[in-house]
There are 2 protein chains.
Amino acid sequence: MTRNDEDPVALDALDRVTWALRRAELAVLALKEQRLRPLGMAAAHYTLMMSVHAEPGLTGAELARRLNVTPQAIASLVTRLEGRGLLERREHPRHRHVQELHLTPAGREALRAADAVIADVERHVTDDLGSDDTSELRALLNRVAKRAREA
Amino acid sequence: MTRNDEDPVALDALDRVTWALRRAELAVLALKEQRLRPLGMAAAHYTLMMSVHAEPGLTGAELARRLNVTPQAIASLVTRLEGRGLLERREHPRHRHVQELHLTPAGREALRAADAVIADVERHVTDDLGSDDTSELRALLNRVAKRAREA
DNA sequence: TGGTTACTATCAAACGCTTGATAAGAGCAA
DNA sequence: TTGCTCTTATCAAGCGTTTGATAGTAACCA
């Protein structure tokens, strides 16, 4: 019991793992954005394209669920990427109203360039940790994510 | 070398630590937002109030730097919280143009309630990890954050 | 066959944040 | 003192997102 009426909230809140998690993610994200900027690509674009690359034919709604955003946000990004010729919408073979998303060759090339940047950031972090701690960290993070989702 | 012309981007990108970091943070953040909602408080409100609680008299600009957002975003949140009577702006003793931020008694009470929710989420995660792995994870995350910032 | 349900896509409005620009005060140097 | 610089706060406009609502399509079932 470390709190009293004068100080209603324990200040050790700043030592919480979920805070450390947040700050680490913010720092890494900021670094990625900074490195990606010269390529004219935002982190959100990279994430979307990588998702489509990993699972071609993904639908907008499905993508929205995976990335934890609304379908409209996806549609907005897709429209922009489609306008740049990096992504294309195709009619779903069974559902005429639904559209599949696929990368164009230019999209694959842009993704390759962006991924080189991201891989570099990853390397910068893992070089510091070493391979054992990297594996350990990944395992722990996966446990946290799983636990948070099943809450 | 695991890639060829057909598959320009390695799919093991999905196993990267920085991806695991992102997903864990998203999952935890979503859980916090969900639990905080019944209290009528967003995670951003909680973060801001906790920061002010930890360092009373913080200025808007300073707060903006710590939370990685613009001063306008802070001002917007502060105006709202001030309107609800949770926060107050006071004139800085030396700089008349500058204003210090302080929690009101009602603000402290609201923060206490919100922090109970956050502490519960933290406990939910750490109960699963155990105290050794929790400490380890926290240490690793701090190393990652430091490394990313000094890039 | 017709009706219900579920899922997808999209439009419109509101909200929150950012970028850019403006103004006011404090500190410092000539 | 005057002038320069830094910092803070705030206004205005633009962008991206969410919430809410509408329409189209397929699957299931009475």
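Chain letters run A, B, ... following the sequence lines, proteins first and then strands; every chain starts at 1.
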Are B:Trp19 and A:Leu140 connected, step by step, through hydrophobic side chains (Ile, Leu, Val, Met, Phe, Trp, Tyr) whose heavy atoms are closer than 4.5 Å?
-> no
Could you give all pairs that pass the ring pair (Phe, Tyr, Trp, His ring centres under 6.0 Å) test and reach residues 70-119 of chain A, with sequence neighbours left out?
-> A:His92-A:His95
Backbone of A:His124 reached by a side-chain donor or acceptor of B:Arg147 within 3.5 Å = yes
Got a salt bridge between A:Arg22 and A:Glu25, using NZ or NE/NH1/NH2 to carboxylate O under 4.0 Å?
-> no
Among residues 84-99 of chain B, which contact DNA chain D at a heavy-atom distance under 4.0 Å?
-> B:Arg89, B:His97, B:Val98, B:Gln99
Whole-Å distance separating the CD1 atom of B:Ile74 from the P atom of D:dT10 = 12 Å
When rounded to whole Å, the CG to C1' distance for the pair B:Leu77 and C:dC15 reads 12 Å
Are side-chain heavy atoms of A:Leu63 and A:Glu55 found at a separation under 4.5 Å?
-> no
Figure out the CG/C1' separation between B:Leu63 and D:dA9, and round it to whole Å.
-> 14 Å
Which pairs with one or both residues in residues 128-141 of chain B pass side chain to side chain donor-acceptor pair (under 3.5 Å), sequence neighbours excluded?
-> A:Arg143-B:Asp133
State whether B:Arg65 places a side-chain N or O below 4.0 Å from either non-bridging phosphate oxygen (OP1 or OP2) of D:dT8.
-> yes
Which whole-number value in Å describes the distance from A:Glu62 CD to C:dA6 P?
-> 18 Å
Of B:Ala61 and A:Ala73, the one whose closest DNA chain D nucleotide lies more 5' | B:Ala61
Separation of D:dT7 atom P from B:Leu58 atom CG, nearest Å, is 16 Å
By salt bridge (Lys or Arg N to Asp or Glu O under 4.0 Å), which residues pair with A:Arg84, not counting sequence neighbours?
-> none
Side chain of B:Gln72, base of C:dG16: donor and acceptor closer than 3.5 Å?
-> no
Between A:Asn68 and B:Gly60, name the one whose nearest nucleotide on DNA chain D is closer to the 5' end.
-> B:Gly60
Rounded to whole angstrom units, what separation is found between the CZ atom of B:Arg80 and the C1' atom of C:dA14?
-> 12 Å
Counterpart residues, salt bridge (Lys or Arg N to Asp or Glu O under 4.0 Å), relative to B:Glu33 (two or more places apart) | none
Does A:Thr59 have a side-chain nitrogen or oxygen under 4.0 Å from the phosphate oxygens OP1 or OP2 of C:dA9?
-> yes
Would you say A:Thr70 reaches D:dT18's phosphate, i.e. side-chain N/O to OP1/OP2 under 4.0 Å?
-> yes
In plain terms, say whether A:Asp115 and A:Arg112 are close enough for a salt bridge, that is, a side-chain N and a carboxylate O under 4.0 Å apart.
-> no
Ordered by number, residues from residues 22-40 of chain B within less than 4.0 Å of DNA chain D (heavy atoms) are none
